[in-house]
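To start, the structure under review is shown below, and the notes come after it.
Here is the naming used below: chain letters follow the sequence lines, and residue numbers restart at 1 for every chain.
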There are 2 protein chains.
Amino acid sequence: MINSQYNYPTFHLAVDCIIFGYEEDELKLLITHRNFPPAQGEWSLVGGWVSENETVEAAAARVLFQITGLKDIFMEQVFVFSEPDRDLGGRVISVAFYAMIRIDKHDRDLVNEHGAEWWTLKEIPNLIFDHNSMVEHAHEKLKQKAGYELIGKNLLPGKFTILQLRTLYEAIFQRKFDPGNFRKKILSLKVLERLNDKNTADSKKGAFYYRFINRPQEFMQDRIVRQ
Amino acid sequence: MINSQYNYPTFHLAVDCIIFGYEEDELKLLITHRNFPPAQGEWSLVGGWVSENETVEAAAARVLFQITGLKDIFMEQVFVFSEPDRDLGGRVISVAFYAMIRIDKHDRDLVNEHGAEWWTLKEIPNLIFDHNSMVEHAHEKLKQKAGYELIGKNLLPGKFTILQLRTLYEAIFQRKFDPGNFRKKILSLKVLERLNDKNTADSKKGAFYYRFINRPQEFMQDRIVRQ
DNA sequence: ACAAAAGTGTTTCGGCTACACCCATGC
DNA sequence: GCATGGGTGTAGCCGAAACACTTTTGT
């Protein structure tokens, strides 16, 4: 045990990361084969132990880096899971974090080395312990966030069309949005900048590419889209 | 250490409770004199250690009960605080919870025994460690919740006037609401039931008392009030 | 009579929704 | 020519906000 003047029970502390990515018009999740007992070989979220001298946030960022090679990614606490028997190997408190990353930018070899794979959100298999519940909580948080600020900077490529952005939102919210209204709403936020080149792969006419303006979004009083 | 097949660092685990109450048209907070070293005697949130076989939720409920005598109160996770040096006495991870209670219903003697006191939210003194930050986080969560569902069941007396409810909301959001519009909006939610007696203490004309209908509120798509 | 809160009504304004409709182009 | 997505326009509806106004009664 670490240096402490307290005489009270202590607990193992873990972080589990719900890593969202976006590819082929689908919201995906990075999951891995657990490589230590118990439940070795079963599907699991990417996780790790918190070290003696780091915050849970730092641990989550470290775990994300170790498996994807990506740094400085926005991550957010989702929930603390603390059922005494949630982990078959002992008493472990776990703090869940979610992240959104660009699949085209991460280190695929590193992911493969770790035996991790991208799964479509809808087709996630049974995960160990309470990890499926963590995914649900994280998906709710993601919808919450996406409803109040325009996300996509960390999920879409550097330049993208409004259609791609709308398809991302449709994947997140699992519902359709009216193309015209979505466009008008999104552009009214003034957080996107139109580029001069067009995407001609997805439509005959060609659609302008956009990118995020390099300026932090202020807090939105009202929803961008509804659930 | 508890039984475990893992060989990793372990941590002290605490819960800290941000207990909101409402009295004299003011939102108040229950804080206490810390009764063990370090920082003994300084102002602190009500907190406690998580026991070996309970969840953090159970620990928070137990702590709330021990100091107020109240059970079955809605509590919600606020945030995990894990800075390595946040607690002067050792490495302690703390999960913050908030609760709303009826000041007129709790056990005042029990609170006094523990050296705890109600303070107006605006006048909270310096608290130990990161507790002031916890209060801010909890206040944000409270505003979030109050913006999306009508709260007050656990803060107001069993019957109350629309004025009392509005004053509560004004205390939470630290801003004024238009009396007519607030009334119409709140009543349109159909979660209050008008009683037959009137409050004649606060107005000459007399205002009908209302109470919450005994039915859970469904999730609100839009805000009730804005920040 | 006056003040103060209760309660209702009204008008304006802006945003969301559901469309219709033209544009550009590859097939 | 036709289908497909790009992009713009518009009519209707609804709710928020601002505020006028009437009611009631204690002082």
Side-chain angles (χ1 to χ4, degrees), chain A residues 24-25 146-150 152 156 159-171 173 175-211 218-227, chain B residues 24-25 143 146-150 156 159-171 173 175-211 218-227:
Chain A
E24 295 160 352
D25 298 349
Y148 280 100
E149 79 183 67
L150 194 60
L156 296 170
K159 59 182 189 182
F160 50 86
T161 64
I162 303 291
L163 171 59
Q164 289 174 291
L165 182 62
R166 176 162 55 86
T167 311
L168 167 64
Y169 264 75
E170 290 178 344
F173 286 93
R175 79 174 194 82
K176 295 290 177 188
F177 294 100
D178 179 276
N181 294 336
F182 185 84
R183 148 186 298 279
K184 272 177 287 187
K185 179 67 187 179
I186 267 43
L187 292 179
S188 77
L189 301 175
K190 307 233 178 280
V191 295
L192 297 185
E193 148 178 61
R194 199 176 83 175
L195 305 181
N196 282 325
D197 52 338
K198 284 189 167 188
N199 167 315
T200 49
D202 296 334
S203 83
K204 335 281 178 170
K205 184 177 173 183
F208 279 108
Y209 280 117
Y210 288 80
R211 70 171 171 216
E218 65 263 32
F219 175 74
M220 292 283 151
Q221 190 63 245
D222 297 292
R223 301 190 76 88
I224 300 175
V225 297
R226 290 156 183 253
Q227 308 216 345
Chain B
E24 296 160 350
D25 298 349
K143 281 195 275 188
Y148 279 100
E149 80 183 68
L150 194 60
L156 296 169
K159 60 182 188 181
F160 51 87
T161 64
I162 302 290
L163 172 59
Q164 289 174 290
L165 182 62
R166 176 162 55 86
T167 312
L168 166 63
Y169 264 75
E170 291 177 344
F173 286 94
R175 77 175 195 82
K176 295 290 179 189
F177 294 100
D178 179 276
N181 294 336
F182 185 84
R183 148 186 299 280
K184 273 176 287 186
K185 178 69 188 179
I186 266 43
L187 293 179
S188 76
L189 300 176
K190 306 232 178 283
V191 295
L192 297 184
E193 147 179 63
R194 199 176 83 176
L195 304 180
N196 282 324
D197 53 338
K198 285 189 167 188
N199 167 314
T200 50
D202 297 334
S203 82
K204 333 281 181 172
K205 184 178 174 183
F208 279 108
Y209 280 117
Y210 288 80
R211 71 171 169 214
E218 63 265 30
F219 175 75
M220 293 283 152
Q221 189 63 245
D222 296 292
R223 300 191 77 89
I224 300 175
V225 299
R226 291 157 183 253
Q227 306 217 348

Is a donor-acceptor contact shorter than 3.5 angstrom present between the side chain of A:K205 and the base of C:dA24?
no

Is the shortest distance from a Lys or Arg side-chain nitrogen in B:D178 or B:R183 to a carboxylate oxygen in the other one below 4.0 Å?
no

Is there a donor and acceptor pair closer than 3.5 Å between the side chain of A:N181 and the base of C:dA18?
yes

Take the angle between the ring planes of B:Y169 and B:F177 and call it parallel below 30°, perpendicular above 60°, tilted in between.
perpendicular

Select from B:I162 and A:G180 the residue whose nearest nucleotide in DNA chain C is closer to the 5' end of that strand.
B:I162

To the nearest angstrom, how far is A:Q221 atom CD from C:dG14 atom P?
17 Å

Nearest whole angstrom, please: distance from the P of D:dC19 to the CZ of B:F177.
17 Å

Would you kindly give the CG-to-P distance between A:L187 and C:dG15, to the nearest whole Å?
15 Å

When we call it a touch if two heavy atoms are under 4.0 Å apart, what does B:R183 touch: a base, just sugar-phosphate, or nothing?
base

Within the pair A:R226 and C:dT17, is there a side-chain N or O less than 4.0 Å away from OP1 or OP2?
yes

In whole angstroms, how far is the P atom of C:dA6 from the CG atom of B:L165?
12 Å

Would you check if B:L192 and B:I162 make a side-chain contact, meaning some heavy-atom pair closer than 4.5 Å?
yes

For B:F208 and C:dG7, what is the distance between atoms CZ and P respectively, to the nearest whole Å?
7 Å

Could you tell me whether A:D222 contacts a base, only the sugar-phosphate backbone, or nothing, with contacts defined as non-hydrogen atoms closer than 4.0 Å?
nothing

Grab the CG-P distance between B:D202 and C:dG7 for me, whole Å please.
12 Å

Select base, sugar-phosphate, or nothing to describe what B:L163 touches, counting heavy atoms under 4.0 Å on all strands.
sugar-phosphate

Checking all strands, does A:K185 fall into the base, sugar-phosphate, or nothing category for heavy-atom contacts under 4.0 angstrom?
sugar-phosphate

What is the distance, rounded to the nearest whole Å, between atom NZ of B:K176 and atom C1' of D:dA18?
17 Å

What's the closest nucleotide to the A:K204 side chain, out of D:dG7, D:dT4, C:dG7?
D:dT4

Let me know, please, whether A:S203 or B:R223 comes out on the 5' side of the other along DNA chain D by nearest nucleotide.
A:S203

Here the pair of heavy atoms bringing B:K198 nearest to B:K205 is NZ-O, 4.1 Å

Just by distance, do the side chain of A:N199 and the backbone of A:D202 share a donor-acceptor pair under 3.5 Å?
yes

To the nearest angstrom, how far is B:R175 atom CZ from D:dA18 atom C1'?
13 Å

Hey, does the side-chain of B:K184 have a donor or acceptor N/O within less than 3.5 Å of a partner on the base of C:dT10?
yes

Per atom distances to the A:D178 side chain, the nearest of C:dC16, C:dG26, C:dA18 is C:dA18

